[in-house]
Amino acid sequence: MDYSHKSIEQKWQKFWADNQTFKTSESTEKPKYYVLDMFPYPSGAGLHVGHPLGYIASDIFSRYKRLKGYNVLHPMGYDSFGLPAEQYAIQTGQHPAITTETNINRYREQLDNIGFSYDWSREVRTSDPAYYRWTQWIFMQLFNAWYNKDVDKAESIETLIAKFETSGSQGINAECDDDILTFSAEEWKSFSEEQQQREILKYRLAYLRESTVNWCAALGTVLANDEVINGVSERGGYPVEQKKMMQWSMRITAYADRLLRGLDTVDWPEPLIEMQRNWIGKSVGASVKFPVPQLDTDIEVFTTRVDTIFGVSFIVLAPEHELVSALTTEDQKSEIESYIDKTSKKSELDRMADTKTVSGAFTGSYAKHPITGKDVQIWIADYVLAGYGTGAVMAVPSGDQRDYLFAKHFNLPIIPISDSQNIEEEADANKDGRYINSGFINGMTYQEAVAALIAKLEELKLGKAKINFRMRDAIFGRQRYWGEPVPVYFKNGLPYLIKEEELPLLLPEVDKYLPTETGEPPLGRAENWKYQDQYEYELSTMPGWAGSSWYWFRYMDPQNAESFASKEAVDYWKAVDLYIGGSEHATGHLLYSRFWNKFLKDLGFHNEEEPFKKLINQGMIQGRSNFVYRVLDEEGRGTNKFVSFGLRDQYNTIPLHVDVNIVYNDVLDTEKFKSFRPDFADAEFVLEDGKYICGTEVEKMSKSKFNVVNPDDIIANFGADTLRLYEMFLGPLEQAKPWNTNGIEGVYKFLRKVWRLFHDAGGNFNVSDEEPTKAEYKALHKIIKKVEDDIERFAFNTSVSAFMICVNELTDLKCNKRKILQDLIIVLEPYAPHITEELWSLLGNEAGAISYAAYPKFNPDYLIESVFAYPVSVNGKMKMNLPLALDLDAKAVEEIVLANADVQRYLDGKAVKKLIFVKGKIINIVV
RNA sequence: GCCUAGGUGGUGGAACUGGUAGACACGCAGGACUUAAAAUCCUGUUCCUGUUAAAGGAGUGCGGGUUCGAUUCCCGCCCUAGGUACCA
């Protein structure tokens with residue numbers, strides 16, 4: 001019988017499902033291992049060949065770990081709340097839940113075809129009320145918590161209230177809003193319930209506040225910072241504007257430092273760690289106050305170079321700074337106002353693009369230098385951002401290039417402050433010299449100056465050391481329908497949680513999925529949707545990242561109705577050992593998940609500071625488009641004549657995308673092309689060497705480019721095992737690469753060779769119980785070792801090559817020994833589980849048991865040969881092969897090599913300086 | 001601009017700590033089997049010189065360096081991809 005992938009794969013996929021082969025339990029003596037994929041959003045387009053790459057890698061790893069004796073948790077689910085289903089609902093009126101269900105079923109079917117070893121009994125869906133009940137529950141915990149900086153962790157809000165009651169706001173060191181009140185315990189007790197709640201809200205980790213948000217009018221919702229790319233929305237690319245709104249936010253900034261420190265403890269790709277570091281954006285520096293006597297206030301600035309303070313020649317405020325109008329003198333009023341007007345009209349994009357032009361305006365006012373007391377001009381300019389630091393900077397033209405250009409342009413003084421500075425052409429920020437023109441720090445080094453200045457500023461009460469973060473709190477509400485309802489109702493304009501036993505707060509039915517006529521979110525359309533029939537519910541829903549910020553816990557205990565996961569399950573599985581997914585989630589999902597994980601740890605629900613110990617980014621698989629070249633007539637209109645790639649320069653042509661599924665090795669199937677589009681039915685071709693060769697280009701995989709390859713088609717032609725092997729064979733897992741079906745034959749051929757090892761020429765199963773030869777053992781043990789090493793370092797591509805070499809060797813040896821072949825298929829099982837299951841049971845073993853068989857033990861003795869050919873050279877020049885017995889020690893080898901007549905001739909009487917041994921072989925003699 | 005990763009045959013890629021560069025696969029060329037095709041197998045395939053050959057030379061983006069020996073380490077430059085940006 002020939003290798004028939006179709007029947008084998010169907011048979012075993014059914015067997016695994018019927019027997020729940022991959023169901024995982026916690027009651028075992030085996031060590032645990034948790035392998036997680038980033039769960040997909042089930043989109044309507046289904047999977048293309050690029051999606052499963054990471055899933056295949058994680059499945060290989062999971063299966064390998066099972067063979068190695070681990071109890072592996074390898075689950076899958078769906079991030080099923082999201083925009084596309086809602087937009088489809090707006091267009092068609094179909095409930096997003098139905099769209100989502102349909103898409104999930106399609107995804108499941110496609111995933112099943114690939115033969116993954118998921119424990120489907122643990123599947124989660126973020127849009128399932130049984131799941132989002134716990135998302136809402138975690139929101140409640142965040143609402144009921146504050147961040148105590150004294151102990152550097154979140155605590156229940158009750159501990160804060162207790163402090164208020166005993167000592168008022170005295171001595172509380174919290175991460176909170178800026179506008180908190182100062183009060184005594186007595187005053188606190190005299191506050192009304194409403195006043196108290198209003199104050200507590202400023203401390204909660206999930207809080208409601210008037211904030212400047214990214215408003216996307218086209219999507220009708222606010223967006224988080226990570227959902228805005230270059231001033232437009234990540235989804236759809238619509239313009240985004242800044243707007244003040246009452247919004248739910250998450251106080252992720254409380255965790256900024258822990259999120260940063262944690263990065264040193266995880267095994268993640270360096271670029272990803274770097275992205276998170278930049279996003280958190282920690283700057284160590286000082287905050288300095290410049291007094292403004294006429295207004296009886298100070299301008300506070302943040303600087304990372306307090307040592308340059310004597311070089312300050314002016315101060316710059318952001319045009320939006322709150323003191324601008326008060327500081328503007330009568331004379332400067334029109335200039336300032338026209339400048340503000342001009343900058344406010346610039347969109348975010350223009351402002352980013354236009355970083356070359358220097359612009360600004362003088363307010364007419366002066367501040368006092370905190371140390372010298374001299375007058376310092378106050379300017380406004382749009383290179384200072386309202387949203388970072390204090391929205392004001394001290395300008396040091398000699399040390400900062402932007403300040404330098406500004407000073408040159410407006411003819412402001414440039415004061416050199418270091419004896420090592422060269423400021424002829426541009427600013428010089430070096431810290432190497434000694435200070436000059438710098439009062440009491442003259443002659444000091446950088447380190448000395450910073451310490452002296454901080455001490456001085458603290459003494460003057462005009463400044464202190466400060467750490468600033470770029471990261472902002474995360475906006476948590478979305479004005480959309482298809483998301484988790486926020487379990488909050490409003491009384492006297494203040495938010496209150498519903499009771500825990502009232503969870504889940506179900507998503508209400510609405511007649512349309514659009515905002516209401518009065519501009520409220522879609523939930524405003526729900527009829528009679530009121531808490532206790534009288535209080536308004538929150539009408540925003542949670543953002544897409546809510547459900548994905550804790551889902552790995554739910555897999556540990558997915559059916560639990562009492563808690564998000566039981567203590568026992570969480571203590572057993574701990575954290576995710578290996579997480580595989582795309583790097584596009586670097587500053588979104590992966591940051592929010594770490595945040596919620598740390599928060600849940602603070603409240604004592606588990607003990608892991610970091611949720612994902614090791615993380616691998618699979619590279620994106622791009623599309624590889626094919627083109628035909630349509631000949632144009634004199635008027636430049638397209639004719640029905642198409643010229644082959646190599647001859648296209650001889651004609652006036654226009655390239656057209658052609659479906660990659662009718663092109664093989666870049667040769668067009670001209671018959672299929674004629675039925676590709678009706679107007680191509682009578683197409684003519686100009687061929688080269690009798691073939692029509694297509695052009696190629698690497699682009700994103702998309703329907704409009706006709707370069708989408710569906711895994712189902714590959715599986716129908718070659719089988720899931722071939723697809724799995726080929727996706728790995730394509731190149732290193734972490735590298736982006738274009739999909740190209742061209743080489744898949746080689747992998748398919750390999751599997752047929754594996755099959756033939758077990759069968760005779762007539763196709764009959766034929767395996768012998770004879771003792772294998774040394775050569776056969778050697779081939780086997782090479783692959784045992786190689787695959788072990790490769791999988792541990794995620795180099796799956798080279799394993800596939802090694803398998804091919806191994807099978808070629810065994811074929812040459814005509815090996816059909818059970819002892820060899822059985823171990824071979826165990827090693828191959830993670831990569832190609834279907835064919836190995838089939839061969840396993842043909843060998844007479846228990847069906848399904850190969851998934852948990854023991855990985856063969858590597859024995860290095862089998863790799864030792866009796867004779868090695870020693871490549872030897874003298875000073876790298878001449879090369880020769882000396883056959884030698886292996887079991888000689890280094891000394892003996894040395895003697896034999898030096899005694900060799902050829903070596904002697906090359907040495908030509910010169911003294912030997914040293915012998916270079918590599919892995920026990922002499923490879924070079926240095927004279 | 002800055003940060004990170006990378007640059008190897010016609011193509012995808014290999015070479016794990018400096019040790020025979022181009023494994024393995026695709027493609028291509030030639031051959032065997034076959035009436036023929038499919039399938040399968042064999043041989044060749046970095047480039048240049050050389051009548052096939054023997055043999056020699058060059059060669060891992062470019063230019064230098066360290067070393068007996070460099071795709072690998074160091075310095076300078078060029079290019080590609082991803083991230084990021086008036087962040088004070």
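Just so it is clear, the model here is predicted, and its values are computed rather than measured. As a basis for the values below, the full set of heavy atoms in this structure was taken, side chains included, without hydrogen atoms, waters or symmetry mates. To find a chain, count down the sequence lines: A is the first, B the second, and so on, and within it residues start at 1.
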Next item on the list: Assess whether atom CD of A:Glu322 is packed by more than 12 heavy atoms of other residues, nucleotides or ligands within 6.0 Å.
Entry: no
Notebook entry, point to check: Taking atom C1' of B:C2 as reference, at what distance in whole Å does atom CZ of A:Arg470 sit?
Noted result: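 Spelled out: CZ on A:Arg470 to C1' on B:C2 is 13 Å.
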Next item on the list: For A:Asp789, report the nucleic acid contact type (base, sugar-phosphate, nothing); a contact means any heavy atom under 4.0 Å.
Entry: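 No contact.
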Next item on the list: Take the protein atom CG of A:Leu260 and the nucleotide atom P of B:C87, then report the distance between them rounded to whole Å.
Entry: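 It is 19 Å, rounded to the nearest whole Å.
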Check: Can you check the A:Phe796 CZ to B:C24 P distance for me, whole Å?
Finding: 22 Å
Note to self: Both atom distances under 3.5 Å, Watson-Crick or G-U wobble: I'd like the secondary structure of RNA chain B as a dot-bracket string, with | for pairs made across strands.
What the structure shows: (((((((..(((......[....)))((((((.......))))))((((.....))))..(((((..]....))))))))))))....
Check: In terms of side-chain heavy atoms, does A:Asp428 have a donor or acceptor partner in A:Tyr404 at a distance below 3.5 Å?
Finding: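 Their side chains do not contain a donor-acceptor pair, so the 3.5 Å distance test is not met.
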Next item on the list: Applying salt bridge (charged side-chain N to carboxylate O under 4.0 Å, His left out), name anything that partners A:Lys289, two or more places apart in sequence or on another chain.
Entry: none
Notebook entry, point to check: Contact class for A:Arg472 vs. all strands (heavy atom < 4.0 Å): base, sugar-phosphate, or nothing?
Noted result: nothing
Check: Mind checking the P distance from B:C16 to B:G6? Whole angstroms is fine.
Finding: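 Rounded to whole Å, the distance is 13 Å.
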Checklist line | Glycosidic class, syn or anti, of B:G9 using a 90° window around 0 | finding: syn
Checklist line | Min side-chain heavy-atom separation A:Met38-A:Leu590 under 4.5 Å | finding: yes
Check: Taking the inter-plane angle between the rings of A:Trp739 and A:Tyr726 on a 0 to 90° scale, is it parallel (under 30°), tilted (30 to 60°) or perpendicular (over 60°)?
Finding: perpendicular
Margin query: Does the Lys NZ or Arg CZ of A:Arg594 fall within the cation-pi geometry relative to A:Trp279 - under 6.0 Å from the ring centre and within 45° of the axis?
Written below: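 No; the conditions do not both hold, so A:Arg594 does not lie above the ring face of A:Trp279.
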Check: CG of A:Leu733 versus P of B:A5: gap in Å, rounded?
Finding: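 One finds 18 Å between P of B:A5 and CG of A:Leu733, rounded.
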Next item on the list: Pick the P atom in B:C87 and in B:G61, then give their distance to the nearest Å.
Entry: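 Looking at atom P only, B:C87 and B:G61 are 35 Å apart.
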Next item on the list: Whole angstrom is fine here: how far is it from CD in A:Glu727 over to P in B:C26?
Entry: 18 Å
Checklist line | B:G9 and B:C47, which share atom name C1', separated by this distance in whole Å | finding: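 The answer is 9 Å between these two C1' atoms.
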Check: If you measure only the distance, is there a donor-acceptor pair under 3.5 Å linking the side chains of A:Asn742 and A:Asn740?
Finding: yes
Notebook entry, point to check: What interatomic distance, in whole Å, is found between C1' of B:U8 and the corresponding atom of B:C79?
Noted result: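 Comparing C1' positions in B:C79 and B:U8 gives a spacing of 15 Å.
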Next item on the list: May I ask you to decide if A:Val316's main-chain N or O and A:His321's side chain share a donor-acceptor pair within less than 3.5 Å?
Entry: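 A pair under 3.5 Å: no.
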Next item on the list: Compare the minimum distances between each of B:C86, B:U40, B:C3 and the side chain of A:Arg756, then state the nucleotide with the smallest one.
Entry: B:U40
Check: Where does the angle between the aromatic ring planes of A:Phe406 and A:Trp379 fall among parallel (under 30°), tilted (30 to 60°) and perpendicular (over 60°)?
Finding: perpendicular
Check: Quick one: is A:Tyr388 getting a side-chain N or O under 4.0 Å of the B:A88 phosphate, OP1 or OP2?
Finding: yes
Check: Hey, are the side chains of A:Arg724 and A:Tyr831 touching, using non-hydrogen atoms and a 4.5 Å cut-off?
Finding: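 Result no, sub-4.5 Å side-chain heavy-atom pair not found.
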Check: For A:Arg752, which residues count as a salt bridge (charged side-chain N to carboxylate O under 4.0 Å, His left out) partner, sequence neighbours excluded?
Finding: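 Partners of A:Arg752 under the salt bridge (charged side-chain N to carboxylate O under 4.0 Å, His left out) test: none.
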Next item on the list: For B:A54 and B:A38, measure between their P atoms and round to the nearest Å.
Entry: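 The same atom, P, in both gives a distance of 33 Å.
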Margin query: Need to verify one output field. Residue with the more 5' nearest nucleotide on RNA chain B, A:Val800 or A:Lys753?
Written below: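 On the 5' side of the pair lies A:Val800.
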Notebook entry, point to check: Hey, does the side chain of A:His5 reach the backbone of A:Asn717 with a donor-acceptor pair shorter than 3.5 angstrom?
Noted result: yes
Checklist line | Rounded distance in Å between the C1' positions of B:A5 and B:U20 | finding: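 My reading of the C1' atoms in B:A5 and B:U20 gives 30 Å.
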Notebook entry, point to check: Below 4.0 angstrom from OP1 or OP2 of B:G12, is there any side-chain N or O of A:Arg624?
Noted result: no
Item checked: Separation of B:C87 P from A:Lys466 NZ (nearest whole Å) -> 18 Å
Give each protein N/O atom lying under 3.5 Å from an N/O atom of nucleotides 13-15 of chain B, with the pair distance.
unit_1, atom_1, unit_2, atom_2, d
B:G13, OP1, A:Gln735, NE2, 2.6
B:A14, OP1, A:Asn797, ND2, 2.9

Note to self: Can you pull out the residues from residues 739-752 of chain A that lie within a 4.0 Å heavy-atom distance of RNA chain B?
What the structure shows: A:Asn742, A:Gly743, A:Gly746, A:Lys749, A:Arg752
Notebook entry, point to check: Are a donor atom and an acceptor atom from the side chains of A:Thr253 and A:Asp473 found within less than 3.5 Å of each other?
Noted result: yes
Notebook entry, point to check: Atom CD of A:Gln622 and atom C1' of B:U11: how far apart are they, to the nearest Å?
Noted result: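 Interatomic distance, CD of A:Gln622 to C1' of B:U11: 16 Å.
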Margin query: Using the P atom as the point on both nucleotides, what is the distance between B:A23 and B:U43, in whole Å?
Written below: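 To the nearest whole Å, 14 Å.
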Check: Parallel under 30°, tilted from 30 to 60°, perpendicular over 60°: which one fits the rings of A:Tyr748 and A:Tyr3?
Finding: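 Ring orientation, 0 to 90° scale: tilted.
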Notebook entry, point to check: Judged by atom type as modelled, is there a donor-acceptor pair below 3.5 Å linking the side chain of A:Gln276 to the main-chain atoms of A:Leu263?
Noted result: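 No: the side chain of A:Gln276 does not pair with the backbone of A:Leu263.
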Note to self: Within residues 277-286 of chain A, which residues have any heavy atom lying less than 4.0 Å from an atom of RNA chain B?
What the structure shows: A:Ser283
Checklist line | Aromatic plane relationship, A:Phe61 with A:Phe794 - under 30° parallel, 30 to 60° tilted, over 60° perpendicular | finding: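 Plane angle under 30°, so parallel.
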Next item on the list: Nearest whole angstrom, please: distance from the C1' of B:U4 to the CG of A:Leu263.
Entry: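 Rounded to whole Å, this separation is 15 Å.
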Next item on the list: Using the C1' atom as the reference point in each nucleotide, state the distance between B:C74 and B:A88 in Å, no decimals.
Entry: 35 Å
Margin query: Given B:A85, B:C24, B:C86, identify the nucleotide with an atom nearest to the side chain of A:Ser801.
Written below: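 The closest nucleotide is B:C24.
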Margin query: Please compare A:Pro271 and A:Asp403 by the position of their nearest nucleotide in RNA chain B and report the one closer to 5'.
Written below: A:Pro271
Margin query: Quick check for you: among B:U4, B:C24, B:C86, whose closest atom lies nearest to any side-chain atom of A:Ile805?
Written below: B:C24
